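Nothing here was measured: the structure is a model prediction, and the numbers come from that model. The chains referred to below are lettered A, B, ... by the order of the sequence lines, with proteins before strands, and numbering in each begins at 1.
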2 protein chains.
Amino acid sequence: MKRERATIHDIAKKLDITASTVSRALKDHPRISEATKKAVLKAAQTLNYQPNHIAAALRNGRSKIIGIIVPTADRSFFSSVVRGIEEIANASKYNVMICQSYDNYDKEVATVEALLNARVDGIVASFAKGTDNFDHFLKVRDKGIPLILFDRSNEDLEVSNVILDDYQGAYKAVTHLINQGCKRIAHFTGIRKISIYRERLRGYREALQDNGIPFDESLVIGSNMQLEDGIESMKKLLSLASPPDAVFSSSDYSAMGAMQVLKERRIRIPEDIALVGFGNEPFTWFSEPQLTTVDQRSKEMGNAAAEIFFEQIGAGKKPFVPKKTVLKPELIIRKSSLKKG
Amino acid sequence: MKRERATIHDIAKKLDITASTVSRALKDHPRISEATKKAVLKAAQTLNYQPNHIAAALRNGRSKIIGIIVPTADRSFFSSVVRGIEEIANASKYNVMICQSYDNYDKEVATVEALLNARVDGIVASFAKGTDNFDHFLKVRDKGIPLILFDRSNEDLEVSNVILDDYQGAYKAVTHLINQGCKRIAHFTGIRKISIYRERLRGYREALQDNGIPFDESLVIGSNMQLEDGIESMKKLLSLASPPDAVFSSSDYSAMGAMQVLKERRIRIPEDIALVGFGNEPFTWFSEPQLTTVDQRSKEMGNAAAEIFFEQIGAGKKPFVPKKTVLKPELIIRKSSLKKG
DNA sequence: ATTTTATGCGCAATCGATTGCATATTAAAA
DNA sequence: TTTTAATATGCAATCGATTGCGCATAAAAT
């Protein structure tokens, strides 16, 4: 059963024609007779022929592979984006190659190089947290290889990207809290370097301002936004002379940390302190109380990124103007913030 | 900046040597002088040479890519396995290509074909739920391409695999419940076709038996193991004349469904009914009460699968005896089952 | 001084599919 | 009937890296 893989040459030999003809027949070239096509197809079948993408890729310089770089594949958000990309890619017979940067700059640089060497036709990526030098990505762009960044991106970069309207998400969340009667709303924010956190902070501030609530610096806690950070931050808030009556966290993870602290101390959610997260991670659905959060449209984000890729591919050699897509977040209101019916 | 990609020929021309020499110099061939090697390396640098993996792959028949097929990439368990595989693969300069079967047999078959055409060096896969014909996988094996199945596998298949000792996981979980004083323990089980569910059921039965607790058919509920199914199943159990005092679910998802029903009906967990899930999904940590569950060693599973791949690759043409690895599950005891201190 | 052995590198084929440019045959047009 | 236009296929180069074989030249051994 260890028979060698058949090539178009094997088919050609069997039918006493040339490989060129076989190649053309297989792709339904108009200048090949129906009879030959039928014969080739049949021979391919019996020989169990399977095209060698590698050879085709070498010849025409397109691998039909999209490279994806995510900080980590095992986070719900990123794996959903991946799924979104794959959906679109597969529909066009493209495959995806996934790499993880582990939120590490050096690994990210190495990964870009690896994907370039693998001759992927394009790269879809989300920055590692530590990345603040973008040369490796610019190199991709300058080679004429489609590059689409998502979620974590950089406004100034002349590159296509798909991001969430983080500002609006935050604005909606905070406005919702205000509508629920909250007066002192705290905010957990992340590294300032990453624009998504800056934008969420901006949405927070403006929502307060638009509702005549003064901005209080002491209610904004910066951290790494993990669960443990949420615990720390919440404790810090509770130790204030005048603690908040609501917390809007830029991450579901730290929101969950906050929730734990509150439950331990028997502080009622949302009656005493209302809670809103960001991300709509699956676990927010299972928490008690269920966490109000902002959905990041992860799958749509993947879809959009893939679509931009195909647009750019379709544009061929023509210069492609980087396309910026902004998705509208959805506020998912659940019990953790629902004070009124 | 749109300069063409440099090849070894460009380097050769620049140094007035042949491509053969360049190729050998780049891979540190012993028959090339140090002087030449140094010169080649330097030229490669200045020309910004990047090796074309596609060409190399075509020539030596190895793409340095491992294909992965998972039902869905956005489930914590699978994405962790992927991460585990990638860790090991990357260390050996391999990349992974991820595909999703969406738990659909036809898509799975097509995906196997696609990976074969992409000339991956091996395939790591977990069955789609509906898969009961394995010809497409046997075809992979018969081509001499390393195939490693994980989690969802099939004992009878002469193929390497990495699975969890589901029997032991279930046995531990149920024994734990018994130690907590539970007498009537119910069980949620999945499709019989999938061995993991059969094994968990077996562990459940034997743990009961070994502790002198009679097996009660009416306490075993079969379903699709999603959250909704857990809700249904729990309701069914509560309508029994004599409801259980514990539930061991073969899935965290349906366990969460059960938890919801119990909380709605003000049935105390674990005092009235103790709950144990399976999978150690992230949300089990955030639930209230936190869910006792069985960890599936997902990342280790990925690591192990990748290691088997490299073993088989290393074995070369020598016939490789399929290697079966069984990982030991860990019972994570949390509040949902902790009746005693 | 002659034979061996090492060393360093070039030649040319190869991997499999693709494609521009002929060429040969047949059908249609003049 | 001769010219023109389709139609159907073959030839050979190409994509870029790899590698077995061979041929020099130099160093070592006899």
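Checked against D:dG16, C:dC21, C:dA17, the side chain of A:Ala55 finds its nearest nucleotide in C:dA17. The side chain of B:Ile17 approaches C:dG10 more closely than any other nucleotide in the set C:dG10, D:dT18, D:dG10. Listed candidates were C:dT19, D:dT18, D:dG16. Nearest to the side chain of B:Asn52 is D:dG16.
We find that CZ of A:Arg119 is positioned 18 Å from C1' of C:dA17, with the value rounded to whole Å. B:His29 has its NE2 atom 12 Å from the P atom of C:dC9, to the nearest Å. In this structure, B:Ile32 places its CD1 atom 18 Å from P of C:dA6, rounding to the nearest Å. One interatomic measurement links the two molecules: CG of A:Asp16 to P of D:dC11, which rounds to 11 Å at whole-angstrom precision. The CG-C1' distance, from B:Asp28 to D:dT19, rounds to 17 Å in whole Å. Here the P atom of nucleotide D:dG16 and the NE2 atom of B:His53 are 15 Å apart, to the nearest Å. Nucleotide C:dT14 holds its P atom 16 Å from the CD1 atom of A:Ile8, rounded to whole Å. Taking atom CZ on A:Arg24 and atom P on C:dC21, their separation rounds to 12 Å, with Å as the unit.
When each of A:Leu58 and A:Thr21 is assigned the nucleotide of DNA chain C bearing its nearest heavy atom, the one mapping closer to the 5' terminus is A:Leu58. Between B:Ser20 and B:Ile54, it is B:Ile54 whose nearest contact on DNA chain D lies nearer the 5' terminus. Taking the nucleotide of DNA chain C with the nearest heavy atom to each of B:Asn60 and B:Arg31, the more 5' of the two is matched to B:Arg31.
At least one side-chain nitrogen or oxygen of B:Ser33 sits closer than 4.0 Å to the OP1 or OP2 atom of C:dC9. Side-chain nitrogen and oxygen atoms of A:Thr18 include none within less than 4.0 Å of the OP1 or OP2 phosphate oxygen of D:dC11.
Scanning atom types as modelled, no donor and acceptor separated by under 3.5 angstrom connect the side chain of B:Ser23 and the base of D:dT18. Residue side chain A:Arg5 does not reach the base of C:dG16 through any donor-acceptor N/O pair under 3.5 Å, judged by distance alone. A donor N or O paired with an acceptor N or O is not found under 3.5 Å between the base of C:dG16 and the side-chain atoms of B:Arg59.
Atoms CG and CD, from B:Asn117 and A:Gln50 in turn, are 5.0 Å apart once rounded to the nearest 0.5 Å. Between the OH atom of B:Tyr102 and the CZ atom of A:Arg83 there is a distance of 5.0 Å, given to the nearest 0.5 Å. Separating the NE2 atom in A:His53 from the CD1 atom in A:Ile65 is a distance of 9.5 Å, to the nearest 0.5 Å. Note that the NZ atom of B:Lys139 and the CG atom of B:Leu116 stand 6.5 Å from one another [nearest 0.5 Å].
Using a 4.0 Å heavy-atom cutoff across all strands shown, B:Leu26 reaches no nucleic acid atom at all.
The 12-atom threshold is exceeded at NZ of B:Lys324, counting heavy atoms of other residues, nucleotides or ligands nearer than 6.0 Å.
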